[in-house]
2 protein chains.
Amino acid sequence: MDRELLKGSTPILLLSLLTEGPMYGYQIIETVLERTGGAYTLKEGALYPALHKLEAAEFISSYWQTQANGRDRRYYAILPAGSTFLVAKKKQWSQFVNMVEGFVTPGGSADSKG
Amino acid sequence: MDRELLKGSTPILLLSLLTEGPMYGYQIIETVLERTGGAYTLKEGALYPALHKLEAAEFISSYWQTQANGRDRRYYAILPAGSTFLVAKKKQWSQFVNMVEGFVTPGGSADSKG
DNA sequence: ATTGCTCCCATCGCCTTGCGAGGTAGAATA
DNA sequence: TATTCTACCTCGCAAGGCGATGGGAGCAAT
């Protein structure tokens, strides 16, 4: 997986994931790993800064939750503003994909799906 | 257009464009501008370094051509190695797109088209 | 008690890439 | 002469992912 391709898509990934429900960092990494069949390992050095930035922007919120073992986990949940942002980001995403594919396949479909 | 989304996709764009025939820098910018209906302006600060890097990797070659006016243009043409690279990049691209869309639309199609 | 493993958080410096701004220069136009 | 268009290019900056590194809690085996 080309790291440069990932740039800018992480917020979409994160926000989309959190739409399914609150998750904690480690769980996000595991989930991404599983769903991509090991193809993409979301790195901690990318995840946590991204999560913090999303929280600073008030697109997500976080809360610590103590488990039965007594250990703490930091859960992240999407906020209404985050959902709104996701919708806009998704649109931007498909426009972007469409643009690139318009060049990759000049004769192919290049209409705007978003 | 989100600049971060662009990162890593420029080589694909450039190589795809050059597959249609040799082009010079200014022409590439104009072409991209036209085809995207003004949505995406490939910036010089992004284009030329990308072009030079592609050339250093021997994916493309360049040659100066003098016009009737006496002015010179630097044309870039794709090399066999560049075509090979493009094919690999395209595959990587669709895998990447597929991955992101797998998260964006969890219920939707997430199979690997590439 | 010590080692080592898994879980779980996080930061730091590096690298790459796009962008804004700036520079050079010939040709056309006013 | 001055401006604009074409056409090339580079530099410093910002942003984001990555590898490395580190802290710490719980748990099992030695």
Side-chain angles (χ1 to χ4, degrees), chain A residues 1-15 22-34 36 39-57 60 62-76 89 92-93 96 99-100, chain B residues 1-15 22-34 36 39-57 60 62-76 89 92-93 96 99-100:
Chain A
M1 179 68 68
D2 187 343
R3 341 182 314 200
E4 293 306 321
L5 251 20
L6 269 329
K7 297 199 176 182
S9 63
T10 305
I12 301 178
L13 239 63
L14 261 18
L15 256 14
M23 294 180 81
Y24 55 95
Y26 190 83
Q27 184 187 11
I28 292 173
I29 291 173
E30 295 289 293
T31 303
V32 169
L33 199 65
E34 277 173 40
T36 59
Y40 175 39
T41 307
L42 217 197
K43 304 303 186 322
E44 298 180 321
L47 174 67
Y48 292 109
L51 241 21
H52 298 337
K53 205 184 165 193
L54 247 21
E55 189 176 16
I60 63 176
S62 72
Y63 53 91
W64 288 89
Q65 192 164 295
T66 306
Q67 302 171 76
N69 2 359
R71 292 177 57 186
D72 294 331
R73 280 173 181 162
R74 163 115 85 142
Y75 278 86
Y76 292 89
K89 254 336 192 188
Q92 213 173 58
W93 164 260
F96 165 66
M99 186 204 76
V100 176
Chain B
M1 180 67 68
D2 187 344
R3 342 183 317 201
E4 294 305 321
L5 251 20
L6 270 329
K7 297 200 178 181
S9 64
T10 305
I12 302 178
L13 239 65
L14 261 18
L15 257 14
M23 295 179 82
Y24 56 96
Y26 191 84
Q27 184 186 11
I28 292 174
I29 291 173
E30 295 289 293
T31 303
V32 170
L33 199 63
E34 276 174 39
T36 58
Y40 174 39
T41 307
L42 217 197
K43 303 304 186 324
E44 298 180 323
L47 174 67
Y48 291 109
L51 242 19
H52 298 336
K53 204 186 166 192
L54 248 19
E55 189 176 18
I60 63 177
S62 72
Y63 53 91
W64 289 89
Q65 193 166 294
T66 306
Q67 301 172 78
N69 2 0
R71 290 179 59 185
D72 295 330
R73 282 175 181 160
R74 164 117 82 140
Y75 279 86
Y76 292 90
K89 258 327 192 195
Q92 214 173 59
W93 164 259
F96 165 65
M99 185 203 77
V100 175

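Fair warning: this is a prediction, and the values are worked out from it, not measured in the lab. By convention in this document, chain letters (A, B, ...) are assigned in the order of the sequence lines, proteins followed by strands, and residues within each chain are numbered from 1.
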When A:E4 and A:K43 are each assigned the nearest nucleotide of DNA chain D, the 5'-most assignment goes to A:E4
Roughly how many Å is it from [atom1] in [X] to [atom2] in [N], rounded to a whole number?
X	N	atom1	atom2	result
B:R3	C:dT16	CZ	C1'	14 Å
B:L42	C:dG18	CG	P	8 Å
A:E55	C:dC9	CD	P	12 Å
A:M99	C:dG18	CE	P	11 Å
B:L47	C:dG18	CG	P	10 Å
A:K53	C:dA10	NZ	C1'	18 Å

Given the structure, check if the side chain of A:K7 and the base of C:dT17 hold any donor-acceptor pair shorter than 3.5 Å. no
Once rounded to the nearest 0.5 Å, what's the spacing between atom [atom1] of [X] and atom [atom2] of [Y]?
X	Y	atom1	atom2	result
A:K53	A:I60	NZ	CD1	12.0 Å
B:F96	A:L5	CZ	CG	4.5 Å
B:L14	B:L51	CG	CG	5.0 Å

In residues 23-33 of chain B, which residues come under 4.0 Å of DNA chain C by heavy atom? none
For a quick check, with a 4.0 angstrom heavy-atom cut-off, what is the B/S/- contact string for nucleotides 21-29 of chain C, read 5' to 3'? -B---BS--
According to a strict under-4.0 Å criterion, is A:Q67 in side-chain N/O contact with OP1 or OP2 of C:dC8? yes
Ignoring backbone atoms, establish whether B:T10 has a side-chain N or O less than 4.0 Å from OP1 or OP2 of C:dG18. yes
By side chain to side chain contact (heavy atoms under 4.5 Å, CB included), which residues pair with [X], not counting sequence neighbours?
X	value
A:T31	A:L17, A:M23, A:Q27, A:R35
B:T36	A:M99, A:F103, B:V32, B:A39, B:Y40
B:S62	B:E55, B:R74, B:Y76

Can you name the one residue among A:L42, A:L13, A:L33 that meets side-chain contact (heavy atoms from CB on, under 4.5 Å) with A:I28? A:L42
Taking the nucleotide of DNA chain C with the closest heavy atom to each, which residue, A:L51 or B:L6, is nearer the 5' end? A:L51
According to salt bridge (Lys or Arg N to Asp or Glu O under 4.0 Å), does anything in residues 2-12 of chain A pair up with another residue at least two apart or in another chain? List the pairs. A:D2-B:K89, A:E4-A:K7
Span of DNA chain D engaged by chain B, first through last nucleotide within the 4.0 Å heavy-atom cut-off, is D:dT6 to D:dG16
For residues 64-73 of chain A, which residue pairs pass the side-chain hydrogen bond (donor to acceptor under 3.5 Å, both in side chains) check, not counting sequence neighbours? A:Y24-A:R73, A:T66-A:D72, A:Q67-A:R73, A:R73-A:Y75
What pairs with B:E30 under salt bridge (charged side-chain N to carboxylate O under 4.0 Å, His left out), at least two apart in sequence or on another chain? none
Would you call A:T10 and A:L47 a side-chain contact if the rule is heavy atoms closer than 4.5 Å? no
